[in-house]
Every structure is written in structure tokens, then in C-alpha cells.
Amino acid sequence: MVGSTISAVEVSGERTLRRYPPGPTVFADRLLGRRIVASRRRGKYLWLPLDDGAALLAHLGMSGQLLMVDPDVPAGPHLRARVTFAGGGRELRFLDQRTFGGLAIDDALTADGVPDSIGHIAADPFEPVFDDERFSASLRRRRTGVKRALLDQGLVSGIGNIYADEALWRAKIHYARATDRMRPPEVARLLAAVREVMTAAIRAGGTSFDALYVSVNGESGWFDRALEVYGRAGKACSRCGTAIVRQAFMNRSSYLCPHEQVRPRHGRW
DNA sequence: CACTCAACCTGCCGGC
DNA sequence: TGCCGGCAGGTTGAGT
């Protein structure tokens with residue numbers, strides 16, 4: 001869609017624009033006639049810079065989808081917004097079942113092209129501006145458990161519950177490991193594991209447990225078949241054979257190998 | 001400032 | 001069959 005000019009915008013659903021107070025009418029007016037000049041991301045945020053210096057910003061939440069589809073594809077019950085382009089062809093649709101996702105327009109971007117409204121979101125590990133040393137120092141300054149830190153998008157972005165568990169398993173670190181007790185080599189090992197997991201997942205097209213998790217072309221990823229711990233309670237650890245366990249933590253599930261990821265004596269939750 | 005927790009939603013699954 | 005609790009990949013804003 002880069003290079004295309006927006007010819008129409010429709011929004012349905014109360015919550016779609018809850019992070020955009022001006023509302024659906026202003027939203028549509030603001031986008032009409034604008035040309036999309038790029039597509040970018042930081043962590044779990046996606047945005048489309050426009051030819052007037054603003055950007056259409058999106059977050060998929062838990063169940064959101066951005067799809068490019070033919071206009072004659074029937075609209076399902078979870079269609080929240082539709083953007084059509086001059087010259088016809090495929091249109092951009094935002095679908096969201098659980099409505100944790102949303103759209104917005106940000107009028108101003110920072111010097112590095114990131115929307116002002118997500119200035120609190122840290123760089124993700126694949127951005128050129130990501131600074132490994134700075135990340136290590138910030139992490140070690142925290143007084144918390146390492147999984148909490150990994151999930152904190154203000155420290156490092158892009159890591160969710162699945163990839164946190166997978167990276168910790170690869171690095172053989174327990175989720176409650178105290179960040180302020182970690183030495184730089186251990187942080188480096190963890191960061192390398194994060195990048196390995198995410199590189200493999202991206203190559204596989206992502207983790208699709210069901211039809212909610214698809215690419216912009218509607219295709220499922222197959223990384224769920226490559227998961228080592230997430231969702232595998234009771235199954236054997238592929239390295240040591242010990243049964244993977246599931247534990248409740250932070251109001252969600254953590255999966256780990258209890259033999260290789262030993263709860264630390266001075267752990268932090 | 002660092003951190004924790006509840007809240008925001010819908011749908012599916014297993015147990016009774 | 002229907003009801004109920006539990007659970008799901010995320011972020012925020014108020015509170016400690």
C-alpha cells in the first residue's frame with residue numbers, strides 16, 4: 001500500500017479509536033487524500049507515515065489483524081475499519097475480536113520518525129538504534145524479576161509472553177532471576193536468545209495458535225510447532241527430557257523447564 | 001521513579 | 001444442553 005492514496009475510510013466499533021479522542025469523523029477526514037509513504041514498526045506498534053508528516057498508528061492488541069483483501073471479500077463480524085485506495089485494488093481492513101487493539105493518527109513524529117504518542121516505547125532489538133550496552137545497564141539497574149523486565153515495553157519492546165518464555169528457556173534462566181544480580185555476560189546471553197527466538201519466529205511467519213494470528217495476507221505462521229516450552233506443560237524438555245511445567249505468574253502463564261531453569265535463591269517476582 | 005494491579009473485551013474450552 | 005469458571009499472545013492508568 002506504500003505509494004497509494006487513501007480514497008475512503010470507514011470505522012465501526014466503539015473502541016477502535018479510543019486512543020484517538022477526536023473520533024471517527026475527524027479520523028476519516030484527516031486521512032482522506034493522504035498518500036502512504038512508508039510502513040514502519042517499533043515493537044508491537046505499526047504505523048504508516050503519510051505525505052503530510054503525520055502517521056496512521058496501529059496496535060493489534062491480542063486479537064487484532066491488519067489485512068489487505070479484495071473489496072468483494074465479505075465483511076465479518078469483527079471488522080472495525082476499512083481503508084480503500086485510489087485506483088481500486090485491495091483494501092486495508094482492521095479486524096479485532098477482543099478489541100484490545102486500536103487505530104489512531106499521530107500528527108507529529110520525532111527526529112527518528114517514531115510517533116510522539118509512543119515515545120515511551122523502547123526500541124526493539126532489531127532496530128539499528130537499539131543499544132545493547134544501554135539495555136544491559138538499564139536492565140541491571142532495575143530491581144525486579146527478569147521476565148517482568150523483558151515484558152516491560154519501556155525497557156525493550158516487541159517481547160510478549162510467548163517469546164519471553166522461549167528466550168528464557170534458551171538462555172536457561174528462571175523468570176524470577178533478579179535483574180540487579182545479573183552480570184553483563186548473562187544479559188548478553190539472554191539478549192542473544194531473544195534475537196534467536198524472534199528471528200526464527202519471523203522466518204516462520206509468526207506463532208499462529210488459531211485463525212486470529214495471521215499475516216497481512218491472511219496466512220498463518222507455523223512457529224507454534226517450534227515452541228520449546230510455551231503451551232507444552234507435561235511434555236519433555238528437548239534438551240534434558242524433564243517435564244515442562246506451567247506456573248501462574250503476573251496473572252498469566254509461565255512455562256519453563258524446572259531442571260534447567262532453577263528458581264534463584266534471591267529471586268524477585 | 002520503580003513497580004504492581006485491576007481494568008478493558010470476546011470467545012472458547014472443560015467440568016459439572 | 002446449558003451454565004460457570006478459567007483462560008487467551010497487551011497496554012494503560014491509578015495506586016503504593
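Lettering of chains follows the sequences in order, A, B, ..., and the numbering in each one begins at 1. As a basis for the values below, the full set of heavy atoms in this structure was taken, side chains included, without hydrogen atoms, waters or symmetry mates.
The aromatic rings of A:Tyr45 and A:His59 sit perpendicular, their planes meeting at an angle over 60°, well past the 30° parallel limit.
Comparing the same atom, P, in B:dC9 and in C:dC3 gives a spacing of 23 Å after rounding to whole Å.
Rounded to an integer number of Å, the gap from OH of A:Tyr213 to C1' of C:dG10 is 10 Å. If you measure from atom CZ of A:Phe100 to atom P of B:dA6, you get 15 Å, rounded to the nearest angstrom. With rounding to whole Å, A:Arg148 atom CZ is found 17 Å from B:dC1 atom C1'. Following rounding to the nearest Å, A:Arg98 (CZ) and C:dG10 (P) show an atom-to-atom distance of 10 Å. Regarding A:Ile162, its CD1 atom lies at a distance of 11 Å from the P atom of C:dA8, rounded to whole Å. Here C:dA8 presents its P atom at 6 Å from OH of A:Tyr255, a figure rounded to the nearest Å. Look at CD on A:Gln153: it is 9 Å from P on C:dT12, rounded to the nearest Å. Between the C1' atom of C:dG10 and the CG atom of A:Asp152 lies a distance of 13 Å, rounded to the nearest Å.
Across all strands shown, B:dG14 forms a Watson-Crick or G-U wobble pair, both distances under 3.5 Å, with C:dC4. Checking B:dC9 for Watson-Crick or G-U wobble geometry (two distances, each under 3.5 Å) identifies no partner in any strand.
Checked against B:dT4, C:dT11, C:dC7, the side chain of A:Ser253 finds its nearest nucleotide in C:dC7. When the nucleotides C:dG13, C:dT11, B:dT10 are ranked by their closest atom to the side chain of A:Tyr45, C:dT11 comes out on top. If you check B:dC3, C:dG10, B:dG11 against the side chain of A:Arg142, the one that comes closest is B:dC3. For A:Thr144, taking side-chain heavy atoms from C-beta onward, the closest of the listed nucleotides B:dT4, B:dC9, C:dT11 is B:dT4. Checked against C:dG10, C:dC7, C:dT12, the side chain of A:Lys44 finds its nearest nucleotide in C:dG10. In the set B:dC3, B:dG11, C:dG10, C:dG10 carries the atom at the smallest distance from any side-chain atom of A:Met62. When each of C:dC7, B:dC3, C:dT11 is scored by its nearest atom to the side-chain atoms of A:Arg252, the top-ranked nucleotide is C:dT11. Residue A:His120 has its side chain nearest to C:dT12 when only C:dT11, B:dG11, C:dT12 are considered.
In the model, A:Thr99 has a side-chain atom that pairs as donor or acceptor with a side-chain atom of A:Arg15 under 3.5 Å.
At a threshold of 4.0 angstrom between heavy atoms, the contacts of A:Asp210 include nucleobase atoms, whether or not backbone atoms are also involved. Within the 4.0 angstrom heavy-atom criterion, base atoms lie near A:Phe209.
At a threshold of 4.5 Å between non-hydrogen side-chain atoms, the residues A:Phe85 and A:Leu92 count as touching.
With A:Phe27 as the aromatic partner, A:Arg30 does not meet the cation-pi criteria of under 6.0 angstrom to the ring centre and within 45 degrees of the ring axis. Because its NZ or CZ atom is both nearer than 6.0 Å to the ring centre of A:Trp169 and within 45° of the ring axis, A:Arg239 counts as a cation-pi partner of that residue.
Put simply, A:His59 has a side-chain N or O that comes within less than 4.0 Å of OP1 or OP2 on C:dT11. The phosphate of B:dC9 (OP1 or OP2) has no side-chain N or O of A:Arg80 nearer than 4.0 angstrom.
Map A:Arg15 and A:Thr179 each onto its nearest nucleotide of DNA chain B; the residue landing nearer the 5' end is A:Thr179.
Taking SG of A:Cys257 as the start and CD1 of A:Ile244 as the end, the distance is 5.0 Å to the nearest 0.5 Å.
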